[in-house]
There are 2 protein chains.
Amino acid sequence: MSTKRKVYYCPVEFTLDQIAGKWKILIVLQLRFGAKRYTELIKKVRGITPKMLSQHLKDLEQQGIIHRQIFAEIPPKVEYSLTKEGEKLFPIIDSLAQWGSVNMEKEKGSEIV
Amino acid sequence: MSTKRKVYYCPVEFTLDQIAGKWKILIVLQLRFGAKRYTELIKKVRGITPKMLSQHLKDLEQQGIIHRQIFAEIPPKVEYSLTKEGEKLFPIIDSLAQWGSVNMEKEKGSEIV
DNA sequence: TATAATAGTTACCAACAGGAAAGTTTTGTG
DNA sequence: CACAAAACTTTCCTGTTGGTAACTATTATA
């Protein structure tokens, strides 16, 4: 996600720009199962690096999709959760998951674990 | 889309890999309104270059999402249309469009034309 | 004083997606 | 023979995305 002001003529194009990239949707997917801490996300979002995670968490917070809550504890605790706005992405995630489940099976060498 | 064999553990991740990038979904979106020729697509998919269009048309054909029909005419005529498989992407496009319509309006400086 | 835990940041680098501009092929028409 | 039209292809270049690895800050505990 960039901060460039761009005029969109197409809602689909707008959405694609908002959630583009390898990680945003996968992060939201994990948060769907409940609020999570930074290190939990590192473990659950397979393959994501600290840099990518914090970068995308920042973006998502600015977009109003997730909420970041800091607990005044030692050691520090920060919890990420979906906002109401974020929950509105569920239909997108569902349709992606639906299409994926059907089409993954056609691929030789892929497994569902 | 790459040809690399990759094992997927998550249907959402699989789908994202299949339709990732700036153009695939926008091409499918246009073909939803009927079969189109190459030059029509160039005009309708705002901003796409010849290179990007033919590259993604090739990918989409290999993925079984679109069908390419050549007419033996002079000058040449090639028509692209969605396959049954391609039509299964409609729910994804619909959810992207839905989210986009709602959220675009919140952006100052964006207009729907 | 050294270590551990959490939540990051920073610097550097590589790969790939994408863009610009020009060229290619085929045949028909003036 | 030159040009037009359709459908691409090719070359070269740039910018963004993403990856690796190391480093930082804070406080508690042994």
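Chain naming here is simple, since letters A, B, ... match the order of the sequence lines and numbering starts at 1 in each.
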### Task
Just say parallel, tilted or perpendicular for the rings of A:Tyr8 and A:Phe14, cut-offs at 30° and 60°.
perpendicular
### Between P of C:dA17 and CG of B:Asp59, the distance in whole Å
9 Å
### Closest to side chain of B:Pro76, choosing from C:dT6, D:dA7, C:dG8
D:dA7
### Query
Do B:Leu60 and B:Gln63 touch side chain to side chain, with heavy atoms closer than 4.5 Å?
yes
#### Entry: Atom-pair distance (CD1 on B:Ile70; C1' on C:dT25), nearest Å
14 Å
### Message
Does D:dT9 have OP1 or OP2 under 4.0 Å away from a side-chain N or O of B:Tyr38?
### Response
no
Less than 3.5 Å apart, which donor and acceptor atoms pair up between the side chains of residues 66-80 of chain B and the rest of the protein, not counting sequence neighbours?
residue: B:Arg68; atom: NE; partner: B:Tyr80; partner atom: OH; Å: 3.2

### Message
What is the distance, to the nearest angstrom, from the CD atom on A:Glu79 to the P atom on C:dA7?
### Response
9 Å
### Query
Taking CG from B:Asp17 and C1' from C:dC16, how many angstroms apart are they, rounded to a whole number?
13 Å
### Residue closer to the 5' end of DNA chain D, A:Lys22 versus A:Ile74 (nearest nucleotide)
A:Lys22
### Query
Which nucleotide in the set D:dG19, D:dT9, D:dG18 lies at the smallest distance from any side-chain heavy atom of A:His56?
D:dG18
### Summary
To the nearest angstrom, the CD1-P distance between B:Ile27 and D:dA7 comes to 15 Å
### Query
Can you tell which of C:dG19, D:dC8, C:dT6 lies closest to the side chain of B:Thr49?
C:dG19
#### Entry: Spacing between A:Leu41 atom CG and C:dT6 atom C1', to the nearest angstrom
13 Å
### Query
Has B:Tyr80 got a side-chain N or O lying under 4.0 Å from the OP1 or OP2 atom of D:dA6?
no
### Message
Under a 4.0 Å threshold between the charged nitrogen and the carboxylate oxygen, would B:Glu85 count as salt-bridged to B:Lys88?
### Response
yes
## Note on the structure
Note: A:Lys6 and A:Asp17 closest approach over all heavy atoms is NZ-OD2, 3.1 Å
### Query
Taking the side chain of B:Trp23 as heavy atoms from C-beta outward, which of C:dG19, D:dA7, C:dT9 is closest to it?
C:dG19
### Query
Of the candidate nucleotides C:dT6, D:dA7, C:dA20, which contains the atom at the shortest distance from the side chain of B:Arg68?
D:dA7
### Message
What is the distance, to the nearest angstrom, from the CD1 atom on A:Ile48 to the C1' atom on C:dG8?
### Response
13 Å
### Query
If you look at every strand shown and take non-hydrogen atoms under 4.0 Å, does A:Phe71 touch a base, only sugar-phosphate, or nothing?
nothing
### Query
Would you say C:dA7 has OP1 or OP2 under 4.0 Å from some side-chain N or O of A:Arg37?
yes
### Query
How long is the line joining NZ of B:Lys51 and P of C:dA17, in whole Å?
10 Å
### Query
How would you label the contact of A:Ser54 with the nucleic acid (heavy atoms, under 4.0 Å): base, sugar-phosphate, or nothing?
base
### Summary
When A:Met52 and B:Lys58 are each assigned the nearest nucleotide of DNA chain D, the 5'-most assignment goes to B:Lys58
